[in-house]
Amino acid sequence: HVQLVESGGSSVQAGGSLRLSCAASRDIYSIQCMGWFRQGAGKQLEWVSSISTDGSTSYADSVKGRFTISKANPRMYLMQMNSLKREDTAMYYCAASFRSCQISDFGFWGQGTQVTVS
């Protein structure tokens, strides 16, 4: 089974930084791609970033240059968020794919961690 647990969400002033963590079960050794998504209140789910097994990363235009996704170890993925803006306020989820980094392939999700930027 696959288990993902996010942490690191908090309240921060605009311009500040946060680092989100995604802790994974042993099943993470088999994934092809790990991604971060977010959903603000009353808004649709939005893809934010992803990292593939070869280390390739991709980012939504809204966070390019500010957010960085990385793999700390086989069971820990991180997303550093700098220069936070109020529009970054959302529930952030990590998700895993066993196929590719295509959005439709993310089938395993964590519970989410709240980020609030004032």
Side-chain angles (χ1 to χ4, degrees):
H1 58 275
V2 176
Q3 289 183 283
L4 303 174
V5 180
E6 303 94 336
S7 63
S10 184
S11 296
V12 64
Q13 294 183 348
S17 298
L18 287 173
R19 186 182 69 181
L20 304 184
S21 299
C22 180
S25 69
R26 294 178 181 178
D27 297 300
I28 204 67
Y29 289 109
S30 300
I31 70 163
Q32 295 297 310
C33 190
M34 178 67 73
W36 286 93
F37 296 76
R38 67 185 182 185
Q39 186 170 32
K43 301 178 181 178
Q44 66 181 24
L45 187 69
E46 176 188 21
W47 167 77
V48 177
S49 65
S50 58
I51 183 168
S52 186
T53 52
D54 65 359
S56 298
T57 59
S58 297
Y59 300 92
D61 288 341
S62 59
V63 305
K64 285 181 179 178
R66 300 189 298 119
F67 291 10
T68 304
I69 187 172
S70 63
K71 180 181 179 180
N73 61 58
R75 296 189 297 278
M76 182 69 73
Y77 288 78
L78 308 174
M79 186 167 72
Q80 179 69 38
M81 306 187 296
N82 298 326
S83 301
L84 285 163
K85 305 174 180 179
R86 291 181 180 179
E87 51 262 45
D88 295 319
T89 295
M91 182 71 73
Y92 283 73
Y93 302 89
C94 64
S97 168
F98 286 89
R99 288 187 59 82
S100 74
C101 287
Q102 295 181 180
I103 295 176
S104 60
D105 287 337
F106 289 97
F108 301 89
W109 298 75
Q111 293 296 305
T113 185
Q114 179 68 38
V115 172
T116 301
V117 183
S118 61

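Counting begins at 1 with the first residue of the sequence.
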TODO: Evaluate the salt bridge (Lys or Arg N to Asp or Glu O under 4.0 Å) criterion for residues Asp88 and Lys85: first the C-alpha distance (whole Å), next the side-chain angles of each, then the deciding distance (0.1 Å), finally the verdict.
DONE: CA-CA 5 Å; Asp88 295 319; Lys85 305 174 180 179; over 6 Å; no
- [ ] Any chance you could measure Lys71, atom NZ, to Thr57, atom OG1, to the nearest 0.5 Å?
- [x] 14.0 Å
Open item on the list: Between Glu6 (side chain only) and Gln111 (backbone N and O only), is there a donor and an acceptor less than 3.5 Å apart?
Closed with: yes
TODO: Write down the atom of Met34, the atom of Cys94, and the distance for their closest heavy-atom approach.
DONE: SD-CB, 4.4 Å
TODO: Could you walk me through whether Ser10 and Val12 pass side chain to side chain contact (heavy atoms under 4.5 Å, CB included), step by step?
DONE: CA-CA 6 Å; Ser10 184; Val12 64; 5.9 Å; no
Open item on the list: How long is the straight-line distance from OH of Tyr59 back to OG of Ser50, given to the nearest 0.5 Å?
Closed with: 8.5 Å
Task: Single-linkage hydrophobic cluster, 4.5 Å side-chain cutoff, Val115 and Ile69 together - done: yes
TODO: Looking only at non-hydrogen atoms, find the nearest pair between Ser52 and Cys101 and report the distance.
DONE: CB-SG, 3.9 Å
Open item on the list: Counting C-beta onward and ignoring hydrogens, is there a side-chain heavy-atom pair between Gln32 and Arg99 closer than 4.5 Å?
Closed with: no
Open item on the list: Tell me if a side-chain donor or acceptor on Thr89 pairs with a main-chain N or O of Val117 at a distance below 3.5 Å.
Closed with: yes
Task: Residues Ser62, Glu46; criterion side chain to side chain contact (heavy atoms under 4.5 Å, CB included); working and verdict - done: CA-CA 10 Å; Ser62 59; Glu46 176 188 21; 3.4 Å; yes
- [ ] Answer yes or no: is there a side-chain heavy-atom contact under 4.5 Å between Met79 and Leu18?
- [x] no
TODO: Report yes or no: do Leu45 and Phe106 belong to one cluster of Ile/Leu/Val/Met/Phe/Trp/Tyr joined by side chain heavy-atom distances under 4.5 Å?
DONE: yes
TODO: Kindly compute the distance separating CZ (Arg38) from CH2 (Trp47), expressed to the nearest 0.5 Å.
DONE: 11.0 Å
Open item on the list: Using 0.5 Å steps for rounding, measure from the CE atom of Met81 to the OG atom of Ser49.
Closed with: 9.5 Å
Open item on the list: Is there a side chain to side chain contact (heavy atoms under 4.5 Å, CB included) between Leu4 and Tyr93? Walk through the geometry before answering.
Closed with: CA-CA 9 Å; Leu4 303 174; Tyr93 302 89; over 6 Å; no
Open item on the list: Please evaluate residues Tyr77 and Leu20 with respect to the criterion side chain to side chain contact (heavy atoms under 4.5 Å, CB included), reporting the C-alpha separation (whole Å), side-chain torsions for both, the decisive distance (0.1 Å), and the verdict.
Closed with: CA-CA 8 Å; Tyr77 288 78; Leu20 304 184; over 6 Å; no
Open item on the list: Could you report the tightest heavy-atom contact between Met76 and Leu78, atom names first, then the distance?
Closed with: CG-CD2, 4.0 Å
TODO: Check the hydrophobic clustering (I, L, V, M, F, W, Y; side-chain heavy atoms under 4.5 Å; chains of links allowed) and say if Tyr92 and Phe108 are grouped together.
DONE: yes
Open item on the list: Donor-acceptor pair, distance only, cut-off 3.5 Å: does the side chain of Ser97 make one with the backbone of Asp105?
Closed with: yes
TODO: Please answer: with hydrophobic residues joined when any side-chain heavy atoms are less than 4.5 Å apart, are Met91 and Trp109 in the same cluster?
DONE: yes
TODO: Assess the pair Trp36 and Phe67: is the distance between their ring centroids shorter than 6.0 Å?
DONE: no
Task: In one Ile/Leu/Val/Met/Phe/Trp/Tyr side-chain cluster, 4.5 Å: Ile51, Phe98 - done: yes
TODO: State the OG-CZ distance between Ser7 and Arg19, to the nearest 0.5 angstrom.
DONE: 9.0 Å
TODO: Quick one: pull up CD in Gln13 and CZ in Arg86 and give me the separation to the nearest 0.5 Å.
DONE: 9.5 Å
